[in-house]
Every structure is written in C-alpha cells, then in structure tokens.
K.L.:
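One structure, as structure tokens, below. Some questions next.
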Amino acid sequence: MLILSILIAVTVTCGFFIGWPFISRLVPAGCFIRPADRSIIATWLGLLLLSNTYLALSLFSPLTPTVVIVTTVVLLIPAFLYKGTQACIREFAENMSTGPLFAVIALLLGIAAYCSQVIVWYDTRLYHMQAIRWLSEYGLVPGLGLIHSRFGYPSSWLGLAASVNQGILQGRVASLAGGVCLLLLIVHFLITFIRIITGRGKNHDIFFALASLPALIIIMVYGMPNSPAPDLPIIILVIETAWSILVISEFQQKTSSSSDNPMNARIIPLLLAAGAVSIKLSALPLLAVTVFYYLVKGRLKPGKLLATGSILTFFLVPLAAAGFITTGCAFYPLPTFCMNVPWSLGAARATAESTIIREWARWGGRPTPDGANSWNWIAPWFAEEKVCSLLLALSILAILVIILRHARKKYVYWNSYSAFLALAGIAFMMYAAPNWRFGLGYLVILPALSAASYLPWFQHQFRQFHGMMPSTCWIWIGGITSLLIVTHIYVAPRPTFKPLGDIAHNSSVAGDDNPHFNFIIPPRIWNIQFAVDTATGRKIASPDKPIIMDSVGDFTYYRPAYPHESELCVDAALPCAIGKLNGLRLRDSGKGIAGGFVKTGNSESGKRSGFLAQF
C-alpha cells in the first residue's frame with residue numbers, strides 16, 4: 001500500500017508539472033481562474049502527454065526504467081524552466097494550507113489501500129496484465145495481435161502501469177493507473193462539493209459534483225479503479241471535458257475578447273478529447289464534438305486547422321502506428337485501415353471482432369441466441385443492463401425537465417455542446433457496445449446539466465455551512481471520505497472479491513499475499529477463476545486452470561491447459577495466448593519474440609525499407 005501511494009503521488013505530480021505550462025499558455029486570463037480548476041486540467045493534460053509519449057516510445061523500445069526515467073525528466077525539464085511553473089511552486093509554498101494537504105494525504109492512503117487489493121477485474125487478467133508485460137519487457141512488436149487479438153487494442157494508458165512494472169514491482173502495480181484516476185476524480189468532486197456547501201459554488205460546480213457522484217459510486221461498486229482498465233479514464237475525461245466546455249462558455253459570455261485566436265481556451269477540450277482517444281476508441285464521439293466545438297465557434301482560420309491537425313497528429317499517429325504494428329490495422333478493430341502485411345489480422349477479422357464486442361454487450365455477456373437481429377435484443381437488454389437503463393431514463397427525464405422549465409420561462413442552465421456530447425456518446429454506445437463501461441461518462445451529463453439549474457436550492461440546503469473555512473471542510477470531508485474508501489474493502493467488498501479469503505488460507509495460489517492488501521507492497525495479481533453457483537446465484541472463486549508450455553512454428557509459448565474452460569493468461573511468462581496457436585512463426589528468428597510474429601507461409605523479402613524496416 002505504501003509503495004503504491006508513493007507511485008500515485010509521484011505520477012500525479014509529474015502530470016501536474018508537465019501540463020502546467022500548457023494550461024498557463026493556452027488559457028486566457030479570467031478563464032479557469034480558480035487555481036484548483038487549473039491544476040486539475042493541467043494534471044490531466046500532463047498525464048495524457050506523458051502516457052502518449054510512452055506509447056510512442058514503445059514502438060521502438062521496451063519501457064525499461066532507463067527509458068522511463070529519461071523520458072520523464074526530458075518532459076519535466078522545460079516545465080521547470082518555464083517561469084510560470086516556478087511562480088506556481090512559490091505560490092503553492094506560500095499559500096499551502098494544512099486542511100487540503102491533510103485531506104489529500106488521507107485520500108491518497110485510502111485510495112492506495114483500495115487499489116492494493118488483489119486485482120480481479122476480468123479484462124486485466126485476460127489481457128491488460130499481458131499487454132503491460134509486453135510494453136515493459138519488449139515494447140510493441142509486429143504481429144502481437146496474432147498471439148492475442150486484444151493486444152491489437154493499444155492504449156496509451158497502459159503505459160503508466162508498464163513504466164513501473166519492473167523488478168519486485170512486476171505484476172503488483174497494475175492498478176497504479178486506476179489509483180491515479182480515482183484520486184483525481186475524488187479530489188475534483190470534493191473541490192466542487194466544498195464550494196457548494198460553503199456558498200461559493202457556480203453552476204459548473206454543481207454540474208461536476210452531480211455528474212461525478214453517480215459515476216464514482218458505480219465504478220467503486222464494480223471495483224474498476226483497482227485495475228488499469230482504459231475505460232475508467234475515458235469515463236472521467238468525458239465528464240471533465242463537458243465541465244471544461246461549461247467553464248469556457250461561462251467565461252466567453254462575460255468577456256468581449258475575441259475567440260478567433262487559434263490558441264483560445266476551446267483548445268483545452270480538444271486536447272482532453274484527443275488524449276482520451278489515444279487511450280481508447282470509445283472516446284471518438286468526444287473527439288468529434290470537441291473538434292466541431294473548436295472549429296465552428298468564431299471564424300474558421302487556417303491557424304485553427306493547423307492547431308487541430310497538430311493535436312490529432314500527436315495523439316493519433318502513435319495510436320495508429322501501434323495498431324498497425326500489432327495487427328496490420330491502424331485503428332483495430334476498425335476494418336477501414338487494414339493493410340496487407342505478413343502479420344495482418346485482416347479487415348474480416350476486425351469486423352468480426354467488432355461484432356463480437358457489440359453482441360456481447362447487447363446480450364449481457366451471454367451467447368447470442370438463435371434468431372437474434374438488430375432489434376430483438378433491446379427488451380432483454382433493458383432488463384439486464386440496469387445501470388444503463390436507469391441513467392437513460394434519467395437522461396430522458398432531464399430533457400423533459402429542461403423543456404418544461406424553458407416553456408415556463410424559468411431559469412435553465414443549458415449548454416448545447418455539452419448536451420450534444422451526451423447524445424452523441426449515448427448513440428455511439430448503443431450502437432457499438434451498449435454497456436455502462438463504454439457509456440457511463442456520457443450517461444451522467446444530461447441529468448447533471450438539468451440539475452445544475454437548481455444551484456441556489458442546493459446551496460440553500462447547506463446554508464448553515466456558509467462562511468465556514470474551506471480548510472476546515474477539507475479536514476473533515478477528506479478524512480471521512482478516506483475512511484469510507486478503506487472500510488469499503490471490508491464492509492462492502494466487491495461481489496467477486498469476498499471468496500478470495502478462503503483461497504488465501506487454503507491454497508498456495510496466493511503465496512504470502514493478503515487478498516485485501518499488503519501494507520508495504522501490493523499483492524501480485526492472482527490466477528483466479530470465477531464461476532456462478534447455480535444454487536445461490538453468487539460468484540465462487542477457485543484457483544484457475546494451470547498454464548502450460550506449448551510450441552508452434554519455431555517458438556514456444558504459454559497457454560491455459562484447458563482453453564475451453566479458461567482463457568486467462570493473467571501474469572504468465574511471455575508470450576501467452578488464450579488458446580492453441582496455429583500457423584505462426586517468428587518474424588526474425590535471430591531476435592526471437594522481440595522481433596515479432598508472422599503467419600506461416602508469409603515471408604518477408606528483406607527489401608522493406610523506411611519505417612517498416614525499423615520493426
């Protein structure tokens with residue numbers, strides 16, 4: 001726990017200092033005027049820049065400690081040389097208050113305890129942990145998707161965990177990225193909540209508080225922060241981007257300054273959205289709306305097009321290159337950009353994978369029944385997907401409330417771009433993968449936007465706290481929140497977590513690790529299988545099926561011994577596949593698995609040059 005808390009603190013601090021010069025130069029005076037708001041945006045921008053740089057480097061080199069340290073220092077040096085950063089450090093040192101500092105430390109320890117539990121998130125045991133090992137040990141190699149098609153979903157966010165997945169920490173700190181997300185989300189929520197109860201809140205504060213609260217509850221109940229799941233930062237970044245649009249819109253309504261300058265504040269949502277897409281393609285609606293928002297507002301100047309192109313190039317080119325190197329498709333599983341290279345999975349495979357994801361979400365993770373079509377999944381889905389169903393109903397109700405209040409000429413807090421962002425994201429989710437993991441961020445926007453009109457009512461309910469020192473509020477609220485996080489581990493453990501205690505005491509699968517958490521160092525990810533007890537309907541945990549060595553072509557690999565019963569590689573040695581491999585060989589036998597893989601029968605002529613020759 002202690003080591004993870006230090007790593008989370010260091011990662012967030014690096015993100016803040018890397019992002020601060022950007023927020024200082026891009027945001028005009030008067031916009032994001034509150035230091036806390038600027039700090040949150042700066043940290044997210046810095047983390048996105050850092051993680052995307054790691055992804056780009058992984059195309060050429062494994063993320064070894066040397067590479068990670070040098071890269072991070074290179075990004076930090078210009079940040080510290082920037083005079084605005086130096087002024088920020090001096091201001092922080094002069095105005096540092098005991099209350100917020102105590103609260104953040106308490107939160108950090110509570111979050112580290114929560115994220116130091118044994119990771120049971122299915123996708124982490126399926127491919128996240130394996131992808132992290134590839135990044136830290138070999139980087140991205142050609143044909144990696146032939147070993148496991150999920151490796152064709154490159155995510156810059158996994159680079160944060162891969163950057164420290166070395167030595168004694170190997171296999172133990174995958175939840176670093178989730179802890180970073182949870183800390184930033186809770187801190188931003190508490191900032192807005194304290195403003196509201198002390199009478200200093202604005203409409204965008206109540207929006208963020210009400211949008212982030214249900215998201216926070218849902219992700220904590222399902223245990224998502226105790227994993228490196230890329231879906232988590234997407235959920236948060238969607239809310240952060242919608243909030244930033246509201247802040248910018250309120251600023252521009254009060255100022256007469258021109259918004260035609262390419263480096264205006266509206267570039268901030270665009271940066272957040274582009275960084276989100278580099279994490280996962282489910283953020284494409286977010287990117288589309290923010291590009292439209294940036295280009296359409298004001299006059300369309302060449303500088304705007306240049307800035308948009310530069311941002312998209314920085315964030316999307318490494319993602320496209322990673323997809324191409326691992327699967328032969330630039331944005332796998334999109335079939336549009338697949339190329340005919342010896343390691344390509346092909347457009348047909350990409351289409352089939354997209355269909356599998358969509359059908360899995362439509363039918364609640366169950367096999368697609370006979371006679372399924374494009375419409376008859378809807379009724380069962382509403383009964384099964386309770387989170388999405390509830391939030392969809394609240395979104396529809398929010399729209400009705402806004403329309404009725406507007407018809408009665410009552411005050412309505414409204415922003416068309418934030419609403420359009422919600423609608424576009426919900427529509428995309430319902431088509432591509434109707435599951436709360438892919439749409440939670442979009443689903444909470446409309447209810448929160450509707451409720452933001454009632455800011456005076458909310459602040460009136462807390463009138464007894466008006467005038468209270470925020471520092472005092474931070475001490476109490478930060479401490480209580482941290483206590484709730486820690487007690488959640490024991491009082492309300494995740495549904496799939498409770499049986500792990502028996503395994504820890506009755507088998508050797510856990511080693512010396514505690515299923516809740518180890519005080520110093522997090523436990524290693526366990527090879528655990530979960531099944532549903534038909535009698536009780538509860539999930540039962542047991543040691544997973546063993547991993548065995550197999551061979552194909554000219555290399556050996558690892559796989560589950562009984563692939564029809566388990567497809568989990570967890571933290572097995574590389575390379576590990578979910579089942580038996582056929583028709584593969586090493587791309588370069590002299591380099592071994594570091595040279596990548598190709599399909600048998602495909603031979604490279606050795607005449608390739610330029611970019612491809614480097615891989």
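Everything numeric here is computed off the predicted structure, so don't read it as measured data.
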K.L.:
Is the NZ or CZ atom of Arg585 positioned over Phe555's six-membered ring, under 6.0 angstrom from the centre and within 45° of the axis?
P.N.:
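That pair does not qualify as a cation-pi contact.
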K.L.:
Tell me which pairs pass disulfide bond (SG atoms under 2.5 Å apart) where either residue lies in residues 313-387, with sequence neighbours left out.
P.N.:
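Qualifying pairs, neighbours excluded: Cys329-Cys338.
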K.L.:
Any side-chain hydrogen bond (donor to acceptor under 3.5 Å, both in side chains) pairs touching residues 317-333, not counting sequence neighbours?
P.N.:
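Listed once each, the pairs are Tyr332-Glu353.
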K.L.:
Please identify each residue that fulfils salt bridge (charged side-chain N to carboxylate O under 4.0 Å, His left out) with Arg362, with sequence neighbours left out.
P.N.:
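For Arg362 the salt bridge (charged side-chain N to carboxylate O under 4.0 Å, His left out) partners, ignoring immediate neighbours, are Glu359.
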K.L.:
Partners of Arg150 by side-chain hydrogen bond (donor to acceptor under 3.5 Å, both in side chains), sequence neighbours excluded?
P.N.:
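Arg150 satisfies side-chain hydrogen bond (donor to acceptor under 3.5 Å, both in side chains) with no other residue.
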K.L.:
Return a table of donor-acceptor pairs under 3.5 angstrom between the side chains of residues 422-429 and protein atoms on other chains or two or more places apart.
P.N.:
none

K.L.:
Just to verify, what does Phe314 make a ring pair (Phe, Tyr, Trp, His ring centres under 6.0 Å) with, not counting sequence neighbours?
P.N.:
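In terms of ring pair (Phe, Tyr, Trp, His ring centres under 6.0 Å), with neighbours along the sequence ignored, Phe314 is linked to no residue.
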K.L.:
If the condition is side-chain hydrogen bond (donor to acceptor under 3.5 Å, both in side chains), which residues does Ser278 pass it with, not counting sequence neighbours?
P.N.:
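Per chain and number, Ser278 pairs via side-chain hydrogen bond (donor to acceptor under 3.5 Å, both in side chains) with Ser156.
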K.L.:
May I have all residue pairs that pass side-chain hydrogen bond (donor to acceptor under 3.5 Å, both in side chains) and include part of residues 59-70, sequence neighbours excluded?
P.N.:
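Checked against side-chain hydrogen bond (donor to acceptor under 3.5 Å, both in side chains) - neighbours excluded - no pair reaches residues 59-70.
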K.L.:
Residues two or more places apart in sequence or in another chain: which of them pass salt bridge (charged side-chain N to carboxylate O under 4.0 Å, His left out) with Glu137?
P.N.:
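Once residues adjacent in sequence are excluded, the partners of Glu137 under the salt bridge (charged side-chain N to carboxylate O under 4.0 Å, His left out) criterion are Arg133.
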K.L.:
Trp377 vs Trp381 aromatic rings, parallel, tilted or perpendicular, using cut-offs 30° and 60°?
P.N.:
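Plane angle over 60°, so perpendicular.
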K.L.:
Excluding sequence neighbours, so at least two apart, what forms salt bridge (charged side-chain N to carboxylate O under 4.0 Å, His left out) with Asp554?
P.N.:
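With sequence neighbours excluded, Asp554 shows a salt bridge (charged side-chain N to carboxylate O under 4.0 Å, His left out) to no residue whatsoever.
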K.L.:
Using the side-chain hydrogen bond (donor to acceptor under 3.5 Å, both in side chains) criterion, which residues pair with Thr124? Sequence neighbours excluded.
P.N.:
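Result, side-chain hydrogen bond (donor to acceptor under 3.5 Å, both in side chains) vs Thr124: His128.
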K.L.:
Among all residues two or more places apart in sequence or in another chain, which pass the side-chain hydrogen bond (donor to acceptor under 3.5 Å, both in side chains) test with Thr71?
P.N.:
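Result, side-chain hydrogen bond (donor to acceptor under 3.5 Å, both in side chains) vs Thr71: none returned.
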